[in-house]
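Everything below concerns the one structure shown next.
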Protein chains: 2
Amino acid sequence: MISNKAKYALRALLAIAAQHGGEALTSIEIAKRHRIPHKFLEQILLDLKKAGILESRRGKLGGYVMLRPADTITFGEVLRIFEGPLAPLPCLSRNAYRRCEDCENEARCEIRREFARSYEASRQVLDSRTIADALAESPAMPFVAQDRRAG
Amino acid sequence: MISNKAKYALRALLAIAAQHGGEALTSIEIAKRHRIPHKFLEQILLDLKKAGILESRRGKLGGYVMLRPADTITFGEVLRIFEGPLAPLPCLSRNAYRRCEDCENEARCEIRREFARSYEASRQVLDSRTIADALAESPAMPFVAQDRRAG
DNA sequence: CTTAATCTCTATAGAGATGATAGGGATATG
DNA sequence: CATATCCCTATCATCTCTATAGAGATTAAG
């Protein structure tokens, strides 16, 4: 199961990316719409900003907008920010490889071999599907916000 | 990342299933071979027994043997015993379905839709690959123990 | 300049999961 | 009876998750 944090982050991103005209969305508005505890959401949005995904404006009329276009942000990328490596075993992570301390022979490890298959299958989905893809297939929201950064 | 518990369980199962002639393996032997804390492993083997996967014998000459043949035990089944539902969202679990409390419209939820793809991909691997499959592909152990229950 | 709205940052805390460790009880063998 | 093994329960330290809280920084409006 994914964490609430990651789920909230994805909800928030979908909302911000879907915002017409690329207008800023406030954390309060997102929290109200999606029933996310406001102060918890603030932390999450801050993480997304630090990750270079969102841009923020402070003060009155402040809020959040996409920094990078929604079609460049995959579900996998967002998950990794909040959950760490997606790999089921440390020895299968590309970005965060660690040897299993107690593993005798990685190349012959049956467990590693089997999980590699499973991981590869889900990784290919998570690392290819973007926020924009998800919105594009949404029946209630046919118009996808992609790159609407103010020029 | 999967838990140590699940990893230990899989290691133990692979060892027991690979045992020539279906001889019993003791928890001490498994713990020594695979560097698993012995008392921790005992709990795990007990869980596997309660799940109907292993059979045990007490006393001298005791140990564990497979109850069900190794080609009927999938990685997914073992994982579920120790990690609970494999689904990334409660609303995607078949056996343990729960509605996301804060979800407005499950059918239209973009997050659910995307994770369904990813989950389906990994589930198909985990629920089809068995302990016997894993051993069969192991270069160091070409002879697979399948159904060796004493008649 | 003041006020209000918003983002920013850090601290704290309860609940539960994780990963063991420990001790003894039950059972089988010889 | 002695020994080896499985069986069962309790306990514990650590970490993570899920917040909650409060104050500071920034901006816009009046």
Side-chain angles (χ1 to χ4, degrees), chain A residues 1-12 16 19 23-32 34-67 79 81-85 88-90 100-102, chain B residues 1-12 16 23-32 34-67 79-85 88-90 100-102:
Chain A
M1 300 275 178
I2 71 170
S3 63
N4 274 1
K5 213 167 179 175
K7 195 159 56 169
Y8 292 161
L10 287 168
R11 280 219 199 111
I16 294 166
Q19 185 74 351
E23 279 172 21
L25 256 187
T26 67
S27 62
I28 291 174
E29 175 65 20
I30 299 170
K32 242 186 298 182
H34 296 287
R35 301 180 193 162
I36 304 172
H38 177 236
K39 292 300 262 182
F40 194 29
L41 178 62
E42 281 188 326
Q43 294 172 35
I44 291 165
L45 293 170
L46 208 50
D47 287 340
L48 287 170
K49 189 198 167 184
K50 283 176 187 161
I53 289 178
L54 291 181
E55 203 167 19
S56 64
R57 245 182 99 171
R58 295 213 264 198
K60 245 174 184 168
L61 308 189
Y64 295 89
V65 293
M66 303 302 289
L67 175 57
L79 279 179
I81 293 170
F82 294 99
E83 315 240 290
L89 298 169
C100 289
E101 318 99 23
D102 44 7
Chain B
M1 300 277 177
I2 70 170
S3 62
N4 274 3
K5 213 167 181 177
K7 196 158 56 171
Y8 292 160
L10 288 168
R11 281 219 198 110
I16 294 166
E23 279 172 20
L25 257 185
T26 68
S27 62
I28 291 174
E29 175 63 21
I30 299 170
K32 241 188 296 182
H34 296 288
R35 301 180 192 161
I36 303 174
H38 176 237
K39 293 299 263 180
F40 194 28
L41 177 62
E42 280 189 327
Q43 295 172 36
I44 292 165
L45 293 171
L46 207 50
D47 287 341
L48 287 170
K49 190 198 167 184
K50 284 176 186 161
I53 290 177
L54 290 181
E55 202 168 19
S56 65
R57 243 182 99 171
R58 296 211 264 197
K60 247 176 183 170
L61 308 189
Y64 295 89
V65 295
M66 303 301 290
L67 176 56
L79 279 180
R80 285 193 185 87
I81 293 169
F82 295 98
E83 316 239 289
L89 298 170
C100 287
E101 321 96 23
D102 44 7

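Below, chains carry the letters A, B, ... as their sequence lines are ordered, and counting in each starts from 1.
Among all heavy-atom pairs drawn from A:A31 and A:L41, the shortest one is N-CD2, 3.6 Å. The shortest heavy-atom contact between A:L25 and A:I30 is CD1-CG1, 3.9 Å. Among all heavy-atom pairs drawn from A:Y8 and A:I44, the shortest one is CB-CD1, 3.7 Å. Listed here is the closest heavy atom pair of A:L45 and A:S27: CD1-CB, 3.6 Å.
The side chain of B:Y64 places no N or O atom within less than 4.0 Å of a non-bridging phosphate oxygen (OP1 or OP2) of D:dT5. Of the side-chain N and O atoms in B:Y8, none sit less than 4.0 angstrom from OP1 or OP2 of C:dG19. Applying the 4.0 Å criterion to OP1 and OP2 of C:dT8, one finds that A:S56 has a side-chain N or O inside that range. Between A:N4 and the phosphate of D:dA19, there is a side-chain N or O to OP1/OP2 separation shorter than 4.0 Å. Phosphate contact (OP1/OP2 of C:dC7, side-chain N/O of A:K49, threshold under 4.0 Å): absent.
Note: CG (A:L67) to P (C:dC7) measures 16 Å, nearest angstrom. Taking atom CE of residue A:M1 and atom P of nucleotide C:dG16, one finds them 17 Å apart after rounding to whole Å. Atom CG of B:D47 and atom C1' of C:dT18 are 14 Å apart (whole Å).
Checking D:dA29, C:dC7, C:dG19 against the side-chain heavy atoms of B:F40 singles out C:dG19 as nearest. Considering only the side chain of B:R57, C:dA28 comes nearest among D:dC7, C:dA28, C:dA5. With distances taken from any side-chain atom of B:R58 to the nucleotides D:dT3, D:dC8, C:dT27, the minimum falls on C:dT27. Of the candidates C:dT6, D:dC6, D:dA19, the closest approach to any side-chain atom of A:T26 belongs to C:dT6. Here the side chain of B:K50 is nearest to one of D:dA23, D:dA19, D:dC8, namely D:dC8. The side chain of B:S3 has C:dG19 as its nearest neighbour among D:dT18, D:dG22, C:dG19. Among the nucleotides D:dT18, C:dA22, D:dA28, the one closest to any side-chain atom of B:K39 is C:dA22.
Using a 4.0 Å heavy-atom criterion, one finds that A:I28 contacts the sugar-phosphate atoms exclusively.
Looking at B:E42, its side chain comes within 3.5 Å of the base of D:dC7 through a donor and an acceptor atom.
Along DNA chain C, the nucleotide closest to A:L46 and the one closest to A:Q43 are compared, and the more 5′ of them pairs with A:L46.
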